[in-house]
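Here is the structure we will look at.
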Protein chains: 2
Amino acid sequence: MPKDNTVKSLKRAIAVLDCFSQKEPELGVTEIARKLDMQKSTIFNILTTFQESGILIKNPSNNKYQLGYKLLHLSYIINSGISIREDFLPFMKEIANATGEVCYFGLLDGLEVLYIDAVYPMTQLQARNILGERAPLYCTGLGKAMLANLSEEQINEVLSGPMPPFTKCTITDPDVLRIELEEIRQNGFAVDNMEHEFGIRCVAVPVFGLSGKILGAVSVSGPSPRFDPPTIVRTAAIITEKLKTLQRCY
Amino acid sequence: MPKDNTVKSLKRAIAVLDCFSQKEPELGVTEIARKLDMQKSTIFNILTTFQESGILIKNPSNNKYQLGYKLLHLSYIINSGISIREDFLPFMKEIANATGEVCYFGLLDGLEVLYIDAVYPMTQLQARNILGERAPLYCTGLGKAMLANLSEEQINEVLSGPMPPFTKCTITDPDVLRIELEEIRQNGFAVDNMEHEFGIRCVAVPVFGLSGKILGAVSVSGPSPRFDPPTIVRTAAIITEKLKTLQRCY
DNA sequence: AATATCTGTTCAGTAATACAGAACAGCTCC
DNA sequence: GGAGCTGTTCTGTATTACTGAACAGATATT
């Protein structure tokens, strides 16, 4: 039996943190205990510790917990360290203004899309912050652009996992997706045809690091009526062209 | 000996997280062990566990660790839950445009300022994101506006703690600060006279919750030449006036 | 209004495990 | 080539985290 060098009680505590989501931002002791199939008292001790340190906040009115401001601060430290974010910002502004649509930039994190930034064209109002949002690889433009450039092994892992349909356009058949991934590699861009959000089409171009490995992707998305096939091809060309002008060091 | 209901190994792990800062975003095993006066192997196990779960990332080139993207995601969940943020946004835009200077909004978190948002006037380019940044209470406009409205006990705690000077204008004498806090209470606004950043003046107005407790503050700041005493008073009046129009539910 | 059934909380004993400490390995710099 | 760093591995022991049951407070039900 090899040693695994991990602190198991810490693993349990992190599992507790992972219970919180946008849909369930507030959870109680029993709720979490049921989710993780653990003892109430165990969860209670973990929650108390997290609360004392500011990682969780306890709502006194209903005794439920939510993620605390300390996490916001930790995230700020990361954010100020993501230099790639600032490098891409002017570049994204150009794309947003050249296309007149929203431009997204996402990184590959594990086997998920991690949204880093959204830039709106001058004509649109800047909306909410999306830094830190996540989305699956199989049904988003950014995701498919990255997925197509992963190893066969990683692709299998994604395609063999659960792929719940987000809209009636979501591609849930692994074989159909495999064919599309080949097309993406040949074209150099991926298209999301309302697969993640109905009525929204999206074109995404992969971004590679200097080592040749996939880093992330840049996309432009908007209402489907404005995104007919010719527009899609033209938009992909614009992004690809602008990407070439970008000096990077990753 | 009363039970404390906390998981001590988790406390240690959180202490490890707290070692990371903007100045030291990357730390090694020995470095952390020295900081916390703990065994190297203990830190190693904690770091390994954090890394496996994505909370920390290990840089393979130098074996140092940094905060990972999972924290970014957790912070995103919080962010989308801070409704006060969106409530204040249009209001801050009005102030930024009415004064032509940057408008800040911060919450009181513990005994520190937690920056929530910065809005730049139309004439200035939006700069970096500051959500999650922190600053002390004793030497910032936002901080002093809040500090003046805390309990005597909390004020003592801040004034008796270390108050390192950020600039040559930073007020480090508790007695001088006490007099100023009284002025702030009477005037209804606080002034930061280059105490945190040299050359930058700032006017801040406190924001109270419905219960009457201090929640945070709103400030306007800019280069000192533009912020002479009459301008400061006028700016404070603008913020106060706009604040009255804000319907809140906190 | 009284009971039932949820919550969150406390506590003591035991089984698990986290940590100390030493030894090893890989690296850089003298 | 060795001396000083790193990070990593490993084992025994003492700490302590978890189990499980009992209690308390709130809410819902009858």
Side-chain angles (χ1 to χ4, degrees), chain A residues 1-21 23-68 70 81 211, chain B residues 1-21 23-68 70 81 211:
Chain A
M1 194 170 99
K3 276 268 187 170
D4 64 351
N5 291 323
T6 63
V7 183
K8 298 187 182 181
S9 66
L10 179 52
K11 267 188 179 170
R12 281 184 282 257
I14 294 171
V16 169
L17 280 190
D18 284 334
C19 290
F20 294 87
S21 67
K23 282 177 191 165
E24 297 182 296
E26 240 191 15
L27 295 168
V29 174
T30 311
E31 222 165 339
I32 297 174
R34 259 202 297 267
K35 261 179 195 279
L36 300 176
D37 195 29
M38 286 165 68
Q39 210 70 12
K40 275 196 304 178
S41 54
T42 303
I43 301 295
F44 178 74
N45 291 338
I46 293 173
L47 290 176
T48 304
T49 311
F50 272 138
Q51 193 218 348
E52 271 189 13
S53 70
I55 289 194
L56 291 178
I57 299 172
K58 187 177 185 175
N59 185 338
S61 68
N62 59 2
N63 282 324
K64 287 180 182 252
Y65 296 79
Q66 49 185 299
L67 299 172
K70 168 167 275 182
S211 66
Chain B
M1 193 170 99
K3 278 267 187 170
D4 64 352
N5 291 324
T6 63
V7 183
K8 298 188 181 178
S9 66
L10 179 52
K11 266 188 179 170
R12 281 184 282 258
I14 295 171
V16 169
L17 281 189
D18 285 334
C19 289
F20 294 88
S21 67
K23 282 176 190 165
E24 296 182 297
E26 241 190 15
L27 295 169
V29 174
T30 312
E31 223 164 337
I32 297 174
R34 258 201 299 266
K35 262 178 195 276
L36 299 177
D37 195 30
M38 288 164 67
Q39 209 68 16
K40 275 197 302 178
S41 55
T42 303
I43 301 296
F44 179 75
N45 291 337
I46 292 173
L47 290 176
T48 305
T49 312
F50 272 138
Q51 193 218 346
E52 271 190 13
S53 70
I55 289 194
L56 291 177
I57 299 172
K58 188 178 186 175
N59 185 340
S61 70
N62 58 4
N63 282 324
K64 287 181 183 253
Y65 296 79
Q66 50 184 297
L67 300 172
K70 168 168 274 179
S211 66

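Lettering follows sequence order; numbering is per chain, from 1.
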Ignoring hydrogens and angles, answer whether the base of D:dG7 and the side-chain atoms of B:K40 contain a donor-acceptor pair closer than 3.5 Å. yes

Identify the heavy atoms of A:V29 and A:K40 that sit nearest to each other, and give their distance. CG1-O, 3.5 Å

From CG of A:N45 over to C1' of C:dA16, roughly how many Å is that when rounded to an integer? 15 Å

Can you check whether B:L67 reaches B:I57 side chain to side chain, under 4.5 Å on heavy atoms? no

Check every strand shown and say whether A:S9 touches a base, only sugar-phosphate, or nothing at a heavy-atom separation below 4.0 Å. sugar-phosphate

Taking CD from B:Q51 and P from D:dG7, how many angstroms apart are they, rounded to a whole number? 13 Å

Protein-nucleotide distance (A:K8, atom NZ; D:dT16, atom C1'), rounded to Å: 15 Å

Heavy-atom nearest pair, A:T48 first then A:F44, reads OG1-O, 2.7 Å

Check DNA chain D against residues 52-61 of chain B and give the residues with a non-hydrogen atom under 4.0 Å, in numerical order. B:K58

For the side chain of B:T42 and the base of C:dA18, is some donor closer than 3.5 Å to an acceptor across the two? no

Distance from A:L47 atom CG to A:I32 atom CD1, nearest 0.5 Å? 4.5 Å

Between A:N63 and D:dA26, is there a contact of a side-chain N or O with OP1 or OP2 at under 4.0 Å? no

Euclidean distance, atom CD1 of residue A:I43 to atom C1' of D:dA17 [Å, nearest integer]: 12 Å

Could you state the atom-to-atom distance from CD of B:Q39 to P of D:dT13 in whole Å? 17 Å

Can you confirm whether more than 12 heavy atoms, excluding those of B:K8, are under 6.0 Å from its NZ atom? no

Of all heavy-atom pairs between A:T49 and B:I14, which one has the smallest distance, and what is that distance? O-CD1, 4.4 Å

In short, the helix from C:dA1-D:dT30 to C:dG26-D:dC5 is bent end to end, axes from five pairs each side, to 10°, by 50°

Rounded to whole Å, NZ of A:K11 lies from C1' of C:dA18 at a distance of 14 Å

Just to confirm, is there a sub-4.0 Å distance from OP1 or OP2 of C:dT7 to any side-chain nitrogen or oxygen of A:N62? no

Please report the interatomic distance CD(B:Q51) to CG(A:N5), rounded to the nearest 0.5 Å. 11.5 Å

At their closest point, which heavy atom of B:S53 faces which heavy atom of B:K70, and how far apart are they? O-NZ, 2.9 Å

Ranking C:dA18, C:dG8, D:dT19 by distance to the side chain of A:S41, first place goes to D:dT19

Between B:I46 and A:G28, the residue closer to the 5' end of DNA chain C by nearest nucleotide is A:G28

Minimal heavy-atom distance between B:L17 and B:I55, with the atoms involved, is CD2-CG2, 4.0 Å

N/O (side chain, B:R12) to phosphate O (OP1/OP2, C:dA18) under 4.0 Å: no

Using a heavy-atom cut-off of under 4.0 Å over every strand shown, decide if B:T48 touches base, sugar-phosphate, or nothing. nothing

Where do B:F20 and B:Q66 come nearest, in terms of heavy atoms and distance? CE2-CA, 3.8 Å

Expressed in angstrom and rounded to an integer, what is the separation of A:Y65 atom OH from C:dT7 atom P? 14 Å

Between A:N5 (CG) and D:dT9 (C1'), how many Å, whole number? 7 Å

